[in-house]
Amino acid sequence: MGVKLTLIFTFLSSITFISQFSWSYFINGFLISGMYSFGLGCGCGIISNLWDWKYDWHKQFHKRLFWGIFTTIIYVVVVVLLIDYFIIVKVQKVSVSLFFKEKYLWVHLFYIILSLGIASFFHAKGFMLELKRSVNIQNQLEKENIASQYEALKNQTDPHFFFNSLNVLSSLVDENPKMAQKFIGKLSQIYRYILDQKDRELVNLEEELSFAEKYIFLQKIRFEEGVNYSTNIGFGQMKTLTIPLALQILLENIFKHNVVSDENPVFIKIYTEEDYLVVSNNINKKKIYQASHKLGLENIKARYTHFSEKAVLLENTQNQFVVKLPLIPKL
C-alpha cells in the first residue's frame, strides 16, 4: 500500500508542477512522496483500525464516524505541515516567513486534501468490511434461528410426545373435561409460541417464562407429583432479553434424559443469579440410554455469541445439571 501511494503522490505532484518536470525532479518527488505515503497512508490506516477496534460501526456508528474524522483531520494536518517544513525549510532552505505564503500554501493544501481523500478510503473500507461482516452474521443467525425452531418443533412433534399427550388427553376427557379443555388450550399455545418466534432474534424473559410454565403444566398433568417446578426471578430482570425457545430446549432435555415419577421426582428450578438466567435440575438418569448429540445446547451457545460477550455456562455434577444463560439488557 505504501509503495502504491508513493507512486500516486509522485504522479499527481508531477502533473501539478509539470512546468518544472525533469528526471531529477521526478526522483526527488518519488522520495518526498514516500515520506507522505508512509507517514500519512500508514498512519491513517492505523487510526482507522484503532477506531474500528474501539467502536463498532453497526452499534456505535456516530461515535465511530465522529472520532474517525476528528482524529484523522488533526493527524493529517499536523503530519503534512511537519513534512512540508522539513522539505521546504530544512532541505530547500526556504525562509520560514514564506512557509505559509505564495505557492507553498497551495502545496500544503494540496497534500492535506489528497491525504484526507486517501484517509477517507481507509474509513470507508473499514465500514464496508463491517457491513459485510454484519450481513454474514445476520445470515448465520437466521440459519441458527431456523435450526432452533426445527429442534423445538421436532421435540414437540416427536411420536412419543404426541402419544403421551393423547393418552393424557384421552383420560382427561372422561375424568375431568374442564382440565382436558385446559390441556388442549395450553398445548395449542405452545405450538403458537414456537411458530411466532420464526422472525424474532430476542424475546423478553417474561415471555419465555410464560411459555415454560405452559410446558411444565402439560408435564405436571402427565407425571403429577413427579414434576416439581419453582422460579425465583430477580426484581427488574423480568424485562431483560433472552433468545427464543432456549427454555423449551432445556426443559425438553430434562424430560428426555431423566426418569420422572412419584418415586423419582424431578426438581426443576429457574432463577436469576447476577446477570444469568439459571435452569437447574436433579439427575435421575434413565437406565435405557438415549443418545444425545447436544444439538440443542450447541444451537443455544452459537446464538448467544451474537448478542452477549458472556458465554453459556454448563455445570454437570453427579446429582445436578445446571445451565446458565446470560441475560441480555434491552438496548
Side-chain angles (χ1 to χ4, degrees), residues 58 133-162 187 189-216 218-219 231 237 240-258 266 268-273 275-281 283 285-286 289-316 320-331:
H58 181 65
R133 188 180 72 88
S134 297
V135 170
N136 290 337
I137 289 176
Q138 184 66 27
N139 290 337
Q140 182 64 27
L141 187 59
E142 289 177 0
K143 291 179 182 177
E144 287 162 2
N145 278 337
I146 292 171
S148 175
Q149 292 158 32
Y150 171 76
E151 183 74 15
L153 285 170
K154 184 183 71 175
N155 289 333
Q156 294 295 354
T157 56
D158 185 279
H160 293 291
F161 178 82
F162 266 127
L187 187 61
Q189 289 172 12
I190 286 176
Y191 280 102
R192 172 53 59 188
Y193 181 81
I194 293 172
L195 294 173
D196 285 345
Q197 304 316 306
K198 63 180 181 178
D199 297 320
R200 302 180 68 181
E201 297 175 351
L202 296 170
V203 294
N204 288 329
L205 176 57
E206 188 175 13
E207 293 181 67
E208 272 288 287
L209 288 172
S210 176
F211 167 79
E213 289 173 357
K214 295 180 179 71
Y215 182 85
I216 292 294
L218 299 186
Q219 301 301 333
T231 59
Q237 292 180 307
T240 53
L241 303 174
T242 184
I243 63 173
L245 304 175
L247 288 182
Q248 191 278 339
I249 292 172
L250 296 180
L251 292 173
E252 180 66 27
N253 283 342
I254 293 173
F255 291 99
K256 178 181 178 182
H257 298 294
N258 292 282
V266 64
I268 302 170
K269 296 180 181 178
I270 300 179
Y271 57 95
T272 50
E273 184 179 272
D275 294 327
Y276 284 90
L277 177 68
V278 184
V279 180
S280 70
N281 65 277
I283 296 176
K285 284 188 178 180
K286 291 182 176 179
Y289 177 74
Q290 283 188 277
S292 174
H293 302 291
K294 297 184 178 179
L295 295 177
L297 282 174
E298 292 306 316
N299 177 274
I300 292 172
K301 289 180 181 179
R303 285 194 291 155
Y304 260 105
T305 60
H306 299 299
F307 300 106
S308 176
E309 295 179 355
K310 297 179 180 179
V312 175
L313 304 178
L314 302 179
E315 297 176 9
N316 192 1
Q320 197 83 4
F321 186 73
V322 178
V323 180
K324 295 183 178 181
L325 306 176
L327 289 173
I328 303 167
K330 278 193 171 182
L331 299 178

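Predicted model only: the values in this text are computed from it and were never measured.
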Minimum heavy-atom distance Leu205-Thr242, with the two atoms named: CA-CG2, 4.3 Å
Of the non-hydrogen atoms in Lys256 and Lys286, which two are nearest, and what is the gap between them? O-NZ, 3.0 Å
Should the heavy atoms of other residues, nucleotides or ligands under 6.0 Å from NZ of Lys269 be counted, would the total exceed 12? no
Smallest heavy-atom separation, Lys301 atom then Leu314 atom, equals NZ-CD1, 3.7 Å
By the definition side-chain contact (heavy atoms from CB on, under 4.5 Å), identify the one residue from Asn253, Ile254, Ile283 that meets it with Phe321. Ile283
Of Glu252, Gln248, Gln189, which is the lone residue that meets side-chain hydrogen bond (donor to acceptor under 3.5 Å, both in side chains) with Tyr215? Glu252
Measure the CD1-CG distance between Ile216 and Leu251 for me, rounded to the nearest 0.5 Å. 4.5 Å
Would you check if the side chain of Glu208 reaches a backbone N or O of Leu247 as a donor-acceptor pair within less than 3.5 Å? yes
How many angstroms lie between CD in Glu206 and OG1 in Thr240, if you round to the nearest 0.5 Å? 10.0 Å
Assess the residue pair Asn281 and Phe255 against the criterion (side chain to side chain contact (heavy atoms under 4.5 Å, CB included)); give the C-alpha distance rounded to whole Å, side-chain angles, the decisive distance to 0.1 Å, and a yes or no. CA-CA 10 Å; Asn281 65 277; Phe255 291 99; over 6 Å; no
Between the side chains of Glu207 and Tyr193, does any donor sit under 3.5 Å from an acceptor? no
Is any side-chain N of the basic residue among Asp196 and Arg192 closer than 4.0 Å to the acidic one's carboxylate O? yes
For Lys330 and Asn204, which heavy atoms make the closest approach, and how far apart are they? CE-OD1, 3.1 Å
Show, in sequence, the C-alpha distance, side-chain angles and deciding distance for Glu315 and Leu313, and conclude whether the side chain to side chain contact (heavy atoms under 4.5 Å, CB included) test is met. CA-CA 7 Å; Glu315 297 176 9; Leu313 304 178; 5.6 Å; no
CA sep, side-chain torsions, deciding dist, call: Leu250, Leu325, side chain to side chain contact (heavy atoms under 4.5 Å, CB included): CA-CA 11 Å; Leu250 296 180; Leu325 306 176; 4.0 Å; yes
Which value, rounded to the nearest 0.5 Å, describes the distance between Phe307 atom CZ and Ile243 atom CD1? 8.5 Å
Atom CD1 in Ile249, atom CD1 in Ile300: separation rounded to 0.5 Å? 4.5 Å
Ile270 to Ala212 - nearest heavy-atom pair and separation: CD1-CB, 4.4 Å
Which heavy atom of Pro326 sits nearest a heavy atom of Lys310, and at what distance? CG-O, 3.5 Å
Please list, chain by chain and in numerical order, all residues satisfying salt bridge (charged side-chain N to carboxylate O under 4.0 Å, His left out) with Glu213, sequence neighbours excluded. none
